[in-house]
Amino acid sequence: DTEVTQTPKHLVMGMTNKKSLKCEQHMGHRAMYWYKQKAKKPPELMFVYSYEKLSINESVPSRFSPECPNSSLLNLHLHALQPEDSALYLCASRWLSDTGELFFGEGSRLTVL
Amino acid sequence: GQQLNQSPQSMFIQEGEDVSMNCTSSSIFNTWLWYKQDPGEGPVLLIALYKAGELTSNGRLTAQFGITRKDSFLNISASIPSDVGIYFCAGQLQNNNDMRFGAGTRLTVKP
C-alpha cells in the first residue's frame with residue numbers, strides 16, 4: 001500500500017467559514033507534509049510534521065492551522081481564508097531518514113469565494 | 001529557501017523523439033526525486049536518486065544524480081503521447097526534511 005488519501009477532493013467555502021482538509025497514510029511514514037499548489041506552479045511547502053511534531057512552518061498565515069493527531073493522520077484547519085488561498089492542497093508522506101521517497105495524495109481542490 | 005532551477009520551462013516535441021531536462025542548485029542535496037503531474041492530480045514519483053553519480057532507469061526514463069550533488073537530469077527516450085504532462089524535480093537537503101521543487105517542465109508530444 002503506497003497510498004496517501006486526501007479528503008475532500010473538492011471544497012468550496014466562504015471567507016467566514018471554518019473547514020478542514022484531511023490526509024491519511026498507512027505506510028508507517030513518520031514525516032507528513034502539506035504543500036500548496038497554484039495553477040501552472042510547483043508545489044510550495046507549507047508545513048512538515050516529524051513524529052507528530054511540527055518541524056517546519058514556512059511562515060504560513062495563521063488562518064491555516066495544521067494538526068497531526070497521530071502518525072497516520074494529518075489535518076489542515078482553514079478559517080477566514082481569502083480568495084487568493086484558492087489552490088490545490090497536497091499532502092505527502094515519507095520515511096524519516098536522510099533519504100526517502102515522498103509520496104503524494106491526489107490533492108484537495110479548494111475554492112474560496 | 002533554497003532554489004532549484006529547472007529547465008527547460010516547456011518543450012514541444014514530436015512523438016518518438018528523446019527529451020532531456022535538468023535541475024541545478026547552489027545547495028547540496030541528499031536526494032533527488034523526479035515526478036510527473038497530470039492536470040488535477042497529485043505528483044507521481046518516477047525516479048528516486050540517493051547517491052552522487054547514481055544513474056537509474058525506469059523503463060524509457062533515465063535520471064542521474066550529479067557528482068557535485070547539486071544537479072540532476074531526467075531523460076525520456078522515444079516519447080509517446082501519454083508522456084504529456086508537467087515534470088518536476090525535487091530535492092532534499094542534507095539532514096533536513098525540507099523537500100523543495102523545481103518550477104517544472106511542461107512537455108507536449110505531437111503524434
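In what follows, every chain begins at residue 1, and chains take the letters A, B, ... in the order their sequences are listed.
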* Asked: Step by step, would you call A/Phe104 with B/Tyr35 a ring-ring contact (aromatic ring centres under 6.0 Å, His included)?
  -> CA-CA 10 Å; A/Phe104 281 87; B/Tyr35 289 88; 5.5 Å; yes
* Heavy-atom pairs under 4.5 Å with chain B, option from A/Ala31, A/Pro43, A/Ala39 with the top count -> A/Pro43
* Answer with yes or no whether the side chains of A/Glu101 and B/Tyr50 bring together a donor and an acceptor at under 3.5 Å. => yes
* Go through the structure and list residues passing side chain to side chain contact (heavy atoms under 4.5 Å, CB included) with B/Glu41, not counting sequence neighbours. => B/Asp38
* Ring geometry between B/Phe101 and B/Phe88 (parallel below 30°, tilted from 30 to 60°, perpendicular above 60°) -> perpendicular
* Apply the side chain to side chain contact (heavy atoms under 4.5 Å, CB included) test between A/Val4 and each candidate in A/Met27, A/Met32, A/His29, A/Glu24; give the one that qualifies. => A/Met27
* Asked: In terms of heavy-atom proximity below 4.5 Å to chain B, should A/Gln6 be classed as side chain, backbone, both, or neither?
  -> neither
* Structure fact -> Applying a strict 4.5 Å limit to non-hydrogen atoms, the region of A/Leu88 in contact with chain B is side chain
* Asked: By side chain to side chain contact (heavy atoms under 4.5 Å, CB included), which residues pair with A/Ser55, not counting sequence neighbours?
  -> A/Val48, A/Ser50, B/Asn97
* **Segment of B/Gln37 engaging chain A (4.5 angstrom heavy-atom cut-off)** => side chain
* Enumerate the residue pairs fulfilling side chain to side chain donor-acceptor pair (under 3.5 Å) with a member in residues 78-92 of chain A, sequence neighbours excluded, ordered by first and then second residue. => A/Arg63-A/Asp85
* Is it the case that B/Ser20 and B/Asn75 place a side-chain donor and acceptor less than 3.5 Å from each other? -> yes
* Sort by residue number and list every member of residues 105-113 of chain A having a non-hydrogen atom under 4.5 Å from chain B. => A/Gly105, A/Glu106, A/Arg109
* **Per-residue contact mode, A/Lys9 against chain B (heavy atom under 4.5 angstrom)** => neither
